[in-house]
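For reference, the structure is listed below as structure tokens.
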Amino acid sequence: MKRAIHPQAVADEPLAVRWVTDVDLPVGRVLAAPGTVGPLLEFGVLTKLFVEPDGVWAWLSPAQSWAEHGPRIRDAIAKAVDLDGWRIEEGSAELLGLIAREVLDGELKSYVDSHGGHITVADATADSLTLNFEGACAACPAAASTLHDRIEAAVKRRYPGLKRIERSG
């Protein structure tokens, strides 16, 4: 079965693409992958892969181009997500930080901006997040609700291993 899949740019990461699709794999860094994705990773066309329930994050080697390899990588990932043979190191500080940044700069950005605030990722471990609340968010009486009801809930949908989230300072 070939899944529906489409690319999404990763902010400030020109070599990265998040391939949006539904994935039924453990969340974390890919150590080995089945199908033609494996050789793409093994021989350095792809330098890094992460999986999460909403997709696959892929980094292309600086010597390669998405124009040349994008369609082939898309097709390989679309087929591979249904195959056995994935080896995944579960949990990843880098992946959790990426997902949190995407949530804050994407689906929650207009909400936070509308209140005159700004929220950024201060630190991420494999199971925890620390966020900076700035602007109106710094002293907002509803900050705890925003932290847990909105941010934590949105991140946990994509990174179920999140165990702790807090504000810095």
Side-chain angles (χ1 to χ4, degrees), residues 3-31 33 37 40-41 46-62 66 69-70 73-74 76-78 80-81 86 88-138 140 142-168:
R3 293 180 187 245
I5 185 170
H6 69 273
Q8 178 183 31
V10 177
D12 301 323
E13 297 269 355
L15 295 174
V17 168
R18 180 172 170 258
W19 296 97
V20 180
T21 188
D22 58 326
V23 177
D24 188 21
L25 293 167
V27 174
R29 185 182 186 103
V30 176
L31 302 175
V37 176
L40 291 170
L41 189 58
L46 295 173
T47 60
K48 169 170 56 174
L49 281 174
F50 290 110
V51 291
E52 55 142 322
D54 286 348
V56 178
W57 300 68
W59 276 258
L60 195 60
S61 163
W66 282 110
H69 293 285
I73 292 169
R74 179 200 59 227
I77 290 172
V81 294
W86 289 89
I88 298 168
E89 180 180 37
E90 291 188 51
S92 165
E94 184 178 0
L95 179 59
L96 179 54
L98 287 163
I99 290 171
R101 283 181 200 87
E102 190 175 273
V103 164
L104 292 169
D105 293 340
E107 67 184 89
L108 295 180
K109 184 170 179 43
S110 61
Y111 171 76
V112 173
D113 287 352
S114 73
H115 292 88
H118 186 68
I119 303 172
T120 59
V121 176
D123 189 43
T125 70
D127 64 359
S128 68
L129 274 174
T130 303
L131 305 176
N132 288 327
F133 278 54
E134 301 165 350
C137 291
C140 178
S145 175
T146 297
L147 180 68
H148 296 291
D149 298 342
R150 292 185 183 260
I151 300 168
E152 182 176 14
V155 172
K156 266 190 164 180
R157 278 192 297 276
R158 294 176 51 191
Y159 193 95
L162 176 62
K163 296 197 181 348
R164 187 174 54 84
I165 187 168
E166 63 187 10
R167 293 172 57 177
S168 65

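Atom set for the values below is all heavy atoms of this structure, side chains included, hydrogens, waters and symmetry mates excluded.
- The minimum heavy-atom distance linking A4 with T21 is given by the pair O-OG1, 2.8 Å.
- Legend: residues meeting side chain to side chain contact (heavy atoms under 4.5 Å, CB included) with V112, ordered by chain and number and at least two apart, are I119, C137.
- Annotation: salt bridge (charged side-chain N to carboxylate O under 4.0 Å, His left out) contacts of D149 (sequence neighbours excluded): none.
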Would you give me the side-chain donor-acceptor pairs under 3.5 Å for residues 5-13, sequence neighbours excluded?
| from | atom 1 | to | atom 2 | distance (Å) |
| --- | --- | --- | --- | --- |
| Q8 | OE1 | R18 | NH1 | 2.4 |
| E13 | OE1 | W59 | NE1 | 2.9 |

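- Although no hydrogens or angles enter the test, the distance criterion places a donor-acceptor pair under 3.5 Å between the side chain of Y159 and the main chain of S92.
- H148 meets the side-chain hydrogen bond (donor to acceptor under 3.5 Å, both in side chains) test with E152; sequence neighbours excluded.
- Within the model, atoms CG of L60 and CH2 of W66 stand 5.0 Å from one another, a figure rounded to the nearest 0.5 Å.
- Proximity of E102 to W57: side-chain heavy atoms (C-beta onward) are separated by under 4.5 Å at one or more points.
- Judged by distance alone, the side chain of R157 and the main-chain N or O of P53 form no donor-acceptor pair under 3.5 Å.
- Here CZ of F50 is found 9.5 Å from CD1 of I99. Values are rounded to the nearest 0.5 Å.
- Between the CG atom in L25 and the CD atom in E90 there is a gap of 10.0 Å [rounded to 0.5 Å].
- Heavy-atom minimum distance, R158 versus V103: NH1-CG2, 4.1 Å.
- Summarising the geometry of L49 relative to A58, their closest heavy-atom pair is CD2-CB, 3.5 Å, with the distance given to 0.1 Å.
- Partners of D127 under the side-chain hydrogen bond (donor to acceptor under 3.5 Å, both in side chains) rule, at least two apart in sequence or in another chain, are T125.
- When all heavy atoms of V37 and I77 are compared, the closest pair comes out as CG2-N, 3.7 Å.
- Using a distance-only test at 3.5 Å, with no hydrogens or angles considered, a donor-acceptor pair links the side chain of W86 to the main chain of A80.
- Residues V155 and L96 form a side-chain contact, since some pair of their non-hydrogen atoms from C-beta on lies under 4.5 Å apart.
- In this structure, L147 and E166 approach most closely via the heavy-atom pair CD2-CA, 4.0 Å.
- At least one side-chain heavy atom of L131 sits under 4.5 Å from a side-chain heavy atom of V121.
- Rounded to the nearest 0.5 Å, atoms CG (L15) and OG1 (T47) are 7.0 Å apart.
- For H115, the ring-ring contact (aromatic ring centres under 6.0 Å, His included) criterion is met by Y111, not counting sequence neighbours.
- Of all heavy-atom pairs between G70 and W19, the closest is O-CH2, 3.7 Å.
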Side chain to side chain contact (heavy atoms under 4.5 Å, CB included) between L46 and I73, worked out: CA-CA 9 Å; L46 295 173; I73 292 169; 3.7 Å; yes
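- One finds a salt bridge joining K109 and D113 here, because a Lys/Arg side-chain nitrogen approaches an Asp/Glu carboxylate oxygen to under 4.0 Å.
- Going from atom CD1 of I151 over to atom CG of L108 covers 6.0 Å, rounded to the nearest 0.5 Å.
- Rounded to the nearest 0.5 angstrom, K48 NZ and L41 CG are separated by 11.5 Å.
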